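Working notes for the structure below.
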Amino acid sequence: MGKVVLVTGAARQLGGRFVRRIQREPDVDRVIGVDAVAPEHPLGGADFVRADIRHPTIGKLLAEFGVDTVVHMDINGTPLGARGNRASVKEINVIGTMQLLGACQKAPSVRRLVVKSSTSVYGSAPRDPAVFSETTPPKSLPSGGFAKDTVEVEGYVRGFARRRPDVAVCVLRFANILGPCADSPLAEYFALPVLPTVIGYDPRLQFVHEKDAIEVLRIAASEPRRGTLNSGTFNIAGDGVLLLSQAARRLGRPTLPLLLPTLRWARSALRSLGVTDFSPEQVRLLTHGRVVATNQMRETLGFAPEHTTAGAFADYAHSRGPGLLPPETLARTVDRLAGLLPAGAQN
């Protein structure tokens with residue numbers, strides 16, 4: 001018999017796309033999508049079970065279907081549909097993961113676990129190293145929000161791996177996922193007509209295209225290819241970096257440089273208006289940035305993204321349409337202004 005794959009977070013765009021993709025694998029017999037709300041997109045020939053991973057029923061599903069591969073994608077920074085506020089999302093991220101791992105521990109059929117994590121576990125701080133590897137400790141652990149959730153989730157996953165050494169565990173730390181269907185807080189930020197920024201900072205950012213995210217999840221959920229190993233923890237990001245100023249110019253969106261206290265006020269105003277989930281951790285990212293090394297992704301996992309950071313952002317920008325200012329005009333204006341400055345003032 002072929003593999004039986006259970007995917008959490010199937011109601012989200014990325015989860016639904018992965019459910020449809022993994023069904024095409026020749027060694028997969030059955031795919032079960034699980035979420036607390038019904039998906040608005042098709043799941044192909046997969047079975048959908050409406051279930052909340054915070055409840056013990058998830059264990060019954062693993063036993064009933066004889067699941068051998070679990071892909072945990074229900075770890076997110078924003079609510080979906082009627083899920084509610086930040087508190088309910090944290091419960092799903094942390095309590096839901098604990099419940100799922102407890103169920104996996106008791107299920108003898110489970111042989112592989114893939115967890116969709118985030119590079120936000122490294123945080124964003126002024127004294128951070130230029131590049132984080134998978135073993136680099138953060139200078140300061142995230143104190144709240146989605147970043148803290150991911151730190152807690154990974155701690156529980158490490159505990160599970162110790163208790164079930166027979167299960168192949170793969171943790172994928174994704175940089176910000178972008179693409180035409182991206183629904184992350186950062187995607188919402190870049191969709192604003194004017195981008196609030198912090199005066200004096202131009203952070204380095206990395207992105208991974210949603211198509212590459214689907215492909216690396218597929219690799220992690222499959223048997224390792226010859227010469228590769230898909231157990232362990234891996235940073236996932238497209239090659240290269242983009243400065244926030246470069247991203248704004250490519251979108252054709254003007255920036256609004258603010259003092260950090262003012263930006264925090266603007267964050268609260270935007271959140272209260274429901275425009276975007278402009279969280280404190282996102283403010284830190286847009287202040288200090290974050291860059292990760294992807295050597296292990298290429299050399300051990302054997303995955304090479306099709307899209308670079310710039311390519312993933314370009315695809316996202318194309319899907320959003322032109323901004324207030326044409327990118328070419330904005331770039332020419334900035335270059336012209338830079339040319340008028342004395343040589344010393346440009347450094």
Side-chain angles (χ1 to χ4, degrees), residues 1-76 80-81 92 96-117 153 157 160-161 164-172 174 181 210-226 228-231 301-303:
M1 292 181 61
K3 294 169 61 175
V4 179
V5 182
L6 184 141
V7 182
T8 66
R12 290 185 179 266
Q13 285 290 336
L14 194 68
R17 292 179 65 177
F18 177 72
V19 166
R20 295 193 294 272
R21 173 63 185 89
I22 198 66
Q23 292 173 62
R24 303 204 302 267
E25 290 299 287
D27 61 341
V28 172
D29 268 1
R30 192 172 194 177
V31 179
I32 301 100
V34 175
D35 213 311
V37 298
E40 297 180 355
H41 43 256
L43 297 180
D47 299 294
F48 174 73
V49 178
R50 186 166 181 169
D52 192 324
I53 61 173
R54 292 173 292 182
H55 300 154
T57 52
I58 191 67
K60 298 178 181 177
L61 292 178
L62 296 178
E64 177 184 348
F65 291 102
V67 173
D68 54 67
T69 302
V70 175
V71 182
H72 184 28
M73 299 182 64
D74 206 357
I75 305 171
N76 302 281
L80 176 65
I92 293 173
T97 297
M98 289 176 62
Q99 192 70 248
L100 176 66
L101 294 177
C104 289
Q105 183 178 337
K106 297 175 183 176
S109 62
V110 173
R111 287 288 177 265
R112 180 170 294 277
L113 171 68
V114 180
V115 178
K116 171 185 165 285
S117 187
V153 163
V157 171
F160 168 80
R164 283 290 305 271
D166 58 311
V167 176
V169 178
C170 184
V171 177
L172 302 176
F174 286 96
C181 299
E210 54 197 17
K211 290 182 178 178
D212 288 324
I214 297 296
E215 179 61 16
V216 73
L217 284 162
R218 183 198 65 79
I219 290 174
S222 306
E223 292 301 315
R225 296 170 294 179
R226 185 173 183 179
T228 68
L229 178 67
N230 58 358
S231 299
L301 187 60
F303 173 67

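Bear in mind that the values here come from a model prediction, so they are computed numbers and not experimental data.
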State the CZ-CG distance between Arg30 and Asp47, to the nearest 0.5 angstrom.
4.5 Å
Less than 3.5 Å apart, which donor and acceptor atoms pair up between the side chains of residues 56-73 and the rest of the protein, not counting sequence neighbours?
from: Asp68; atom 1: OD2; to: Val4; atom 2: N; distance (Å): 2.9
from: His72; atom 1: ND1; to: Thr8; atom 2: OG1; distance (Å): 2.8
from: His72; atom 1: NE2; to: Thr97; atom 2: OG1; distance (Å): 2.9

Per the salt bridge (charged side-chain N to carboxylate O under 4.0 Å, His left out) rule, what does the pair list look like for residues 15-25, sequence neighbours excluded?
Arg17-Glu210, Arg21-Glu25, Glu25-Arg218
As a quick check of understanding, evaluate side chain to side chain contact (heavy atoms under 4.5 Å, CB included) for Phe303 and Asp212, giving each step before the final call.
CA-CA 9 Å; Phe303 173 67; Asp212 288 324; 3.9 Å; yes
What do the steps show when you test Val216 against Phe174 for side chain to side chain contact (heavy atoms under 4.5 Å, CB included), and what is the final call?
CA-CA 10 Å; Val216 73; Phe174 286 96; 3.5 Å; yes
Please assess Leu101 against Leu113 for the test side chain to side chain contact (heavy atoms under 4.5 Å, CB included), listing each intermediate value before the final yes or no.
CA-CA 9 Å; Leu101 294 177; Leu113 171 68; 3.6 Å; yes
Close side-chain approach of Thr228 and Leu301, heavy atoms under 4.5 Å:
no
Is a donor on one side and an acceptor on the other found under 3.5 Å between the side chain of Arg111 and the backbone of Val167?
no
Point-to-point distance, once rounded to the nearest 0.5 Å, from CG of Leu100 to CG of Leu6:
7.5 Å
Strictly distance-based, threshold 3.5 Å: is any side-chain N or O of Gln23 a donor or acceptor partner for the main-chain N or O of Leu43?
yes
Please report the shortest heavy-atom distance between Val19 and Ala10, naming the atom on each side.
CG2-CB, 4.2 Å
Using a 3.5 Å distance criterion without hydrogens, assess whether the side chain of Arg164 forms a donor-acceptor pair with backbone atoms of Val169.
no
Between Val37 and Ala11, which heavy-atom pair has the shortest distance, and what is it?
O-CB, 3.5 Å
Indicate yes or no for a side-chain donor-acceptor contact from Asn230 to the backbone of Cys170 under 3.5 Å, with no hydrogens or angles considered.
no
Take Val5 and Arg112 through the side chain to side chain contact (heavy atoms under 4.5 Å, CB included) test and state the conclusion after the steps.
CA-CA 9 Å; Val5 182; Arg112 180 170 294 277; over 6 Å; no
